[in-house]
Participant: 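Starting off with a structure, shown below.
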Amino acid sequence: MAMPDYKNYDDNNIFAMILRGDIPNKTVYEDDHALAFHDINPQAPVHVLVIPKGKYISMADFTANASADEIAGFWRAVGKTTEALGLVEPGYRLLANHGPHSHQEVPHLHVHILAGKFVGPMLMRDWEGKIDMPNMD
Ligand code: AMP
């Protein structure tokens, strides 16, 4: 699969379209800073994505270029979303991909919330490269 452009924001990425209301989403939480919605291809019983409303490609872009207000508002919204989902007691995992080594597919920053059962070890145990990885050219 071709990897996205991680340097120039693409106004037609799928999450930009969701923010514009061009395509539907199953909203969990929304405020001035962020939108949270169910992942279309869940990897756990609860799999929700939280995205900032600003045009940021990934965590690298966001932490370098977003204002303090945007950063605080975004992370507050992540917390509000976990509360809205009732996850604070049982627990949850947060995950954010940046760049080719992470296999980030959608070039608009998103934090995954994974929960609803014991979500297992933190990473696929293959840092030595015994499993074929996707072609990242
Ligand atoms: P990542 O690999 O970190 O870029 O994750 C992208 C995520 O976006 C994947 O988990 C996809 O299932 C999810 N996704 C892609 N399109 C949609 C969509 N239209 N609505 C909700 N989730 C989506």
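In each ligand, atom 1 is the first atom listed, and ligand 1 is the first ligand listed. Just so it is clear, the values below take in all heavy atoms, side chains as well, and ignore hydrogens, waters and symmetry mates. As the structure is a computational prediction, the values presented were derived from the model and not from experiment.
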Participant: For Glu105, counting its heavy atoms only, list the atoms of ligand 1 lying under 4.0 Å from any of them.
Facilitator: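 With Glu105 as reference, the close atoms of ligand 1 come out as 1 (P), 2 (O), 4 (O).
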
Participant: Could you pull out the closest heavy-atom pair between Ser58 and Leu109, with the gap in Å?
Facilitator: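 Of all heavy-atom pairs spanning Ser58 and Leu109, the closest is C-CD1, 3.8 Å.
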
Participant: Closer than 4.0 Å to some heavy atom of Asn41 - which atoms of ligand 1 meet that?
Facilitator: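 Those qualifying, in numeric order: 12 (O).
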
Participant: Taking the ring of His38 and the ring of His47, is the distance between their centroids below 6.0 Å?
Facilitator: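 That pair fails the under 6.0 Å test.
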
Participant: Centres of the His110 and His108 rings: under 6.0 Å?
Facilitator: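 Not close enough - the centres of the two rings lie 6.0 Å or further apart.
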
Participant: Taking Lys7 first and then Asp5, would you say they form a salt bridge - that is, a charged N and a carboxylate O separated by under 4.0 Å?
Facilitator: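 Salt bridge between Lys7 and Asp5, a charged N being under 4.0 Å from a carboxylate O: no.
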
Participant: Using a 4.0 Å cut-off to any heavy atom of His103, which atoms of ligand 1 qualify?
Facilitator: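 Taking each heavy atom of His103 in turn, ligand 1 has 2 (O) under 4.0 Å.
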
Participant: Are the side chains of Phe37 and Leu49 in touch, meaning some heavy atoms are under 4.5 Å apart?
Facilitator: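 They are in side-chain contact.
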
Participant: With heavy-atom distances below 4.0 Å as the criterion, list the atoms of ligand 1 near Val106.
Facilitator: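 By the 4.0 Å cutoff, the relevant atoms are 4 (O), 6 (C).
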
Participant: With side chain to side chain donor-acceptor pair (under 3.5 Å) as the criterion, how do Asn13 and Tyr9 come out once you've worked through the C-alpha distance, each side chain's angles and the decisive distance to 0.1 Å?
Facilitator: CA-CA 8 Å; Asn13 78 73; Tyr9 186 83; 3.2 Å; yes

Participant: Specify side chain, backbone, both or neither for Leu49, according to which of its non-hydrogen atoms lie closer than 4.0 Å to ligand 1.
Facilitator: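 Leu49 to ligand 1: side-chain contact only, backbone stays beyond 4.0 Å.
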
Participant: Side chain, backbone, both or neither: which part of His38 has a heavy atom under 4.0 Å from ligand 1?
Facilitator: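 Only the backbone of His38 comes within reach of ligand 1.
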
Participant: How far is atom 23 (C) of ligand 1 from the closest protein heavy atom, and which atom is that?
Facilitator: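 Atom 23 (C) of ligand 1 sits closest to the protein heavy atom Ile40 CG2, 3.5 Å.
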
Participant: Testing the 3.5 Å rule here: is there a donor-acceptor pair between the side chains of Asn25 and Thr27?
Facilitator: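 Side-chain D/A pair, Asn25 to Thr27: present.
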
Participant: Near Gln104, which atoms of ligand 1 are under 4.0 Å from a heavy atom of that residue?
Facilitator: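 Once the distances to Gln104 are compared, the set is 4 (O).
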
Participant: Answer yes when Glu70 and Lys53 have at least one side-chain N-carboxylate O distance shorter than 4.0 Å, and no when they do not.
Facilitator: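 Result for this pair is no, no salt bridge flagged.
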
Participant: When you measure from the heavy atoms of Met17 to every atom of ligand 1, does any distance fall below 4.0 Å?
Facilitator: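 It does not, in that no heavy atom of Met17 comes within the 4.0 Å cut-off of ligand 1.
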
Participant: Taking only heavy atoms of Asn97 into account, list the atoms of ligand 1 that are under 4.0 Å away from them.
Facilitator: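 That gives atoms 1 (P), 2 (O), 3 (O) of ligand 1.
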
Participant: Return the closest protein heavy atom for atom 9 (C) of ligand 1 as residue, atom name and distance.
Facilitator: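 The answer is Asp39 OD2, 3.4 Å.
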
Participant: Under 4.0 Å from any heavy atom of Phe37, which atoms of ligand 1 are there?
Facilitator: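 Listed by number with element: 21 (C).
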
Participant: Could you tell me whether Tyr56 and Phe15 have their ring centroids closer than 6.0 angstrom?
Facilitator: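 No, too far apart.
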
Participant: Within less than 4.0 angstrom of ligand 1, does His110 place any heavy atom?
Facilitator: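 Right, His110 reaches ligand 1.
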
Participant: For atom 8 (O) of ligand 1, what is the closest protein heavy atom, and at what distance to 0.1 Å?
Facilitator: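 The closest one turns out to be Phe15 CZ, 3.4 Å.
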
